[in-house]
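Just below is one structure, and these are the notes that go with it.
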Amino acid sequence: MEQKIKNMQHSPSVGLLPIDLERIRADFPILDQIIDGNQLVYLDNAATTQKPRVVINAIIEYYRKYNANIHRGLHYLAEKSTEMYEHTRIHVADFIGGVDPKEVIFTRGTTEAINLVAYTWGEENIKEGDEIVITEMEHHANLVPWIQLAKKKKAILKRIPITFCGHLDQSNINEIITSKTKLLALTHMSNVLGTINPVAELTALAKKHGAVVLADGAQAVPHLKVDVKSLGVDFYAFSSHKMLGPTGVGILYGKKELLEAMPPFNMGGEMIREVSFDHVTWAELPNKFEGGTPNIADVVAFDAALHYLEEIGMDNLRQHEMDLTKYAIEHLSAIPGLEIQGPREVEQRGGVISFTDNDLHPHDISTFLDSKGIAIRAGHHCAQPLMSILGKIATARASLYIYNNEADIDALVKALKGMRRYFGL
Ligand code: PLP
């Protein structure tokens, strides 16, 4: 598989090959690990995913053969580094549906991408009395910047509620999204409930009222084929590390007209055209938003992650995750005392499975599973307002990715049953 991916470097996606899980798992060296005598079972993919050897090797190769600062050098290494960095941008633009690479801005992650919009577009465009619409299932990254902006500008923060089943409740949507709406900021896929939200539909409604739409794609782009143009959104944010790539690389897609009209975010080198002691003009897109030395090596290595996903095919990946999510929900629901959050229908959700046990704290569940080599996450998952709506202080969360298999789910289910026996339940 890796050889094939290597041979494909810079070639278009072939996709739709049958999934060979054994070969895929063999590409992830970390999965071989034995921790405290237990084979590692990694089910914390919504937090971050593991890296295939091609990505690890791409980082090493970059530092061994090409390392130099980009854009500003005239020597071979600087030119090569610049070419590789810009190549990833072109690849990202293609991966999200064929946008103009100038509309792709590299940031440190989804959080920084959303903050960029809040501090630039938000500062300039949100005025007193304007309405910002979010949903009740937002990650703090797509919530705190808007709470703070609304406070500062005396704007109003409105929210789309969720139903008992974990979908967005659209029964009063025409009272929530109105002509006063200046921004709709919503997650494409919930990191707690797994719900896939109707972004295109809600964007169309927001657009009727002239609002700007930002979607948080941190949990969506890694798992679904995303075409930002057909979604119709103005801004779309996601992170490399949740899709096999390195940490420290985020992507902000923004429509050119908006990005061009926005002031810059980080000021310094690389983002200017001309500077005198009393006057500065900004560089063209995308440089205007990439002040300072960026995370070159990790952006370069992200290209290998994109190739890897394309080789598998996003449709194959999605099918595999739907099958495995179905299997997991079926088996987890059969455990007495366990309550699963979010929609049941796998077509309407991703492989993020949050659950609670009537008798045990999620932290105890996670600690017990860790003693069996199983990595999940427990806590509020950076969604405290959602937790309070669910009436929970925390949940345990198992989240899947392309290398997970039924044996991982079996290990989880067996350990959870063992845990209940251990605690005498
Ligand atoms: N949005 C969602 C839905 C997430 O799940 C996460 C991370 O878990 C983020 C935003 C923040 O991503 P990052 O930490 O990469 O900035």
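Heavy atoms only: backbone and side chains are in, while hydrogens, waters and symmetry mates are out. Numbering starts at 1 and runs along the sequence shown. Counting starts at 1 for both ligands and their atoms, in listed order.
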Just need the protein heavy atom nearest to [atom], so name the residue and atom and give the distance.
| atom | result |
| --- | --- |
| atom 12 (O) of ligand 1 | Thr110 CB, 3.6 Å |
| atom 4 (C) of ligand 1 | His139 CD2, 3.3 Å |
| atom 14 (O) of ligand 1 | Thr111 OG1, 3.8 Å |

Check your understanding: Is there a side chain to side chain donor-acceptor pair (under 3.5 Å) between Asn45 and Tyr403 once you walk through the steps?
Key -> CA-CA 10 Å; Asn45 294 290; Tyr403 35 72; 2.4 Å; yes
Check your understanding: When only distance counts, is Thr187 in polar contact with ligand 1, meaning an N/O pair under 3.5 Å?
Key ->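 Looking only at distances, the answer is no, because the N/O contact criterion of under 3.5 Å is not met.
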Point to revise | N or O contact, Gln219 vs ligand 1, cut-off under 3.5 Å | key: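 In this structure, Gln219 places an N or O atom under 3.5 Å from an N or O of ligand 1.
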Practice item. Would you please test Met267 and Val280 for side chain to side chain contact (heavy atoms under 4.5 Å, CB included) and show each step? Key: CA-CA 10 Å; Met267 316 233 182; Val280 185; over 6 Å; no
Study note, to complete from the structure: Val199 and Thr203 have their tightest heavy-atom pair at O-OG1, 2.6 Å
Exercise for review: Between Ala47, Ala218, Ala113, Ser239, flag the one that comes closest to atom 15 (O) of ligand 1 by a heavy atom.
Suggested key: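 Among Ala47, Ala218, Ala113, Ser239, the closest heavy atom to atom 15 (O) of ligand 1 belongs to Ser239.
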Check your understanding: Does ligand 1 have any atom that is closer than 4.0 Å to a heavy atom of Glu138?
Key -> no
Exercise for review: Tell me which part of Asp216 gets within contact of ligand 1: side chain, backbone, both or neither, using heavy atoms under 4.0 Å.
Suggested key: side chain
Exercise for review: Examine the proximity of ligand 1 to His241 and report which part, side chain or backbone, both or neither, has a heavy atom under 4.0 Å away.
Suggested key: side chain
Exercise for review: Provide the number and element of each atom of ligand 1 under 4.0 Å from a heavy atom of Ala141.
Suggested key: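 Within the 4.0 Å cut-off of Ala141, ligand 1 contributes 10 (C).
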**Study point:** ligand 1 atoms in contact with Lys242 (distance to a heavy atom under 4.0 Å)
**Key:** 6 (C), 7 (C), 8 (O), 12 (O)
Point to revise | Inter- and intrachain pairs under salt bridge (charged side-chain N to carboxylate O under 4.0 Å, His left out), touching residues 202-226, at least two apart | key: Lys207-Asp234, Lys225-Asp315
Point to revise | Heavy atoms of other groups near Lys102 NZ, more than 12 under 6.0 Å | key: no
Exercise for review: Please indicate whether Arg108 has more than 12 foreign heavy atoms, meaning atoms of other residues, nucleotides or ligands, lying under 6.0 Å from its CZ.
Suggested key: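 Open.
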Practice item. State, without any angle test, whether His91 and Glu310 hold a side-chain donor-acceptor pair at a distance under 3.5 Å. Key: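 Checked: His91/Glu310 side chains pair up, N/O donor to acceptor below 3.5 Å.
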Exercise for review: Could you check His381, Arg377, Gln341 and say which one makes a side chain to side chain donor-acceptor pair (under 3.5 Å) with Thr395?
Suggested key: His381
